[in-house]
Amino acid sequence: QLRDAEGRVGRGEASPLPGFSREDYACARGELEHLDWARAYEERHEVVSKAGWGRSGEGVIGRLCPSARFAAELAIEELLAQSFEAPHPYLSPAAGPPMLTAPVVPVNDEAWFAAAAEEAVRDGARTIKMKVGRNWPLESWALRHLRETFGPSLRIRLDANGALADSPQEVRRRLEDVARVGVEFI
């Protein structure tokens, strides 16, 4: 949470996924604690002023790990939107309908996954995102479970993080599995 001299507040959230990337909580926290926030704010102000919202600037924020970068950009842009007295296209209800999100449901074990997916759908999720590439037999089961349990109206998205399979033959086999289930995109 950032607070400027006028008392405006900007919030951001870093959510690394240990085990799915090289990021962890300590890394994200450390980078945010050591960030030159004044410089980051000025650099982001310049980017938004010239190129508009959603344009990524490099500078000091660009050197952060992805989850810390997201948190810093979000907190700073919320402050900028308030200082510009203009709605932010991703943060303000005045800017349009709310953006729906796709919860990431980790595939740790069958019972845990089934309960987490059910909870996400009960809470209103119409799309579920899965990280895949670590345990294909379990991930393949999870894909079939989603489709059999929630039917064709649930959108399924996969994030393979470049780890779908080691060989072209295995990639083809897994993509055939994915096609049978009906995945929105990988």
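All values below were derived from every heavy atom in this structure, side-chain atoms included, with hydrogens, water molecules and symmetry-related copies excluded.
Using a 4.5 Å heavy-atom threshold, the side chains of Ile186 and Leu175 count as touching. Between Val60 and Leu35, the closest side-chain pair of non-hydrogen atoms falls below 4.5 Å. In this structure, Ser67 and Tyr25 have side chains that are not in contact, with every pair of non-hydrogen atoms separated by 4.5 Å or more. The shortest side-chain heavy-atom distance between Trp37 and Ile76 falls under the 4.5 Å cut-off. Here the side chains of Phe185 and Arg155 are not in contact, with every heavy-atom distance at 4.5 Å or above. Residues Leu143 and Trp136 form a side-chain contact, since some pair of their non-hydrogen atoms from C-beta on lies under 4.5 Å apart.
The side-chain hydrogen bond (donor to acceptor under 3.5 Å, both in side chains) contacts involving residues 137-150 comprise Ser140-Arg144, His145-Thr149, where partners must be two or more places apart or lie in separate chains.
Scored by the ring pair (Phe, Tyr, Trp, His ring centres under 6.0 Å) test, Trp112 finds no partners at all (sequence neighbours excluded). Under the rule for a salt bridge (Lys or Arg N to Asp or Glu O under 4.0 Å), the partners of Glu46 that lie at least two apart in sequence or sit in another chain are Lys50.
Annotation for Leu154 and Thr127: closest pair CD1-N, 4.0 Å, computed over non-hydrogen atoms. Here the closest heavy-atom approach between residue Glu31 and residue Ala68 is recorded as OE1-CB, 4.0 Å. Residues Glu23 and Cys65 share a closest heavy-atom pair of OE1-SG, 3.2 Å. The shortest non-hydrogen separation linking Val9 to Leu79 is C-CD2, 3.6 Å.
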Inset, instruction - Test side chain to side chain contact (heavy atoms under 4.5 Å, CB included) on Val105 and Leu146 and set out the steps. - result: CA-CA 11 Å; Val105 180; Leu146 287 176; over 6 Å; no
Inset, instruction - Give the intermediate values and the outcome of side chain to side chain contact (heavy atoms under 4.5 Å, CB included) for residues Leu64 and Phe70. - result: CA-CA 9 Å; Leu64 300 176; Phe70 174 77; over 6 Å; no
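Between the Glu73 side chain and the Ile61 main chain, no donor and acceptor come within less than 3.5 Å of each other.
Salt-bridge formation is not detected for the pair Asp177/Arg174: no Lys NZ or Arg NE/NH1/NH2 atom is positioned less than 4.0 Å from an Asp or Glu carboxylate oxygen.
More than 12 heavy atoms of other residues, nucleotides or ligands sit less than 6.0 Å from atom CZ of Phe150. Glu118 CD: 12 or fewer foreign heavy atoms inside a 6.0 Å radius. For CZ of Arg173, the number of neighbouring non-hydrogen atoms (other residues, nucleotides, ligands) closer than 6.0 Å is greater than 12.
Rounded to the nearest 0.5 Å, atoms CD1 (Ile128) and CZ (Arg157) are 11.5 Å apart.
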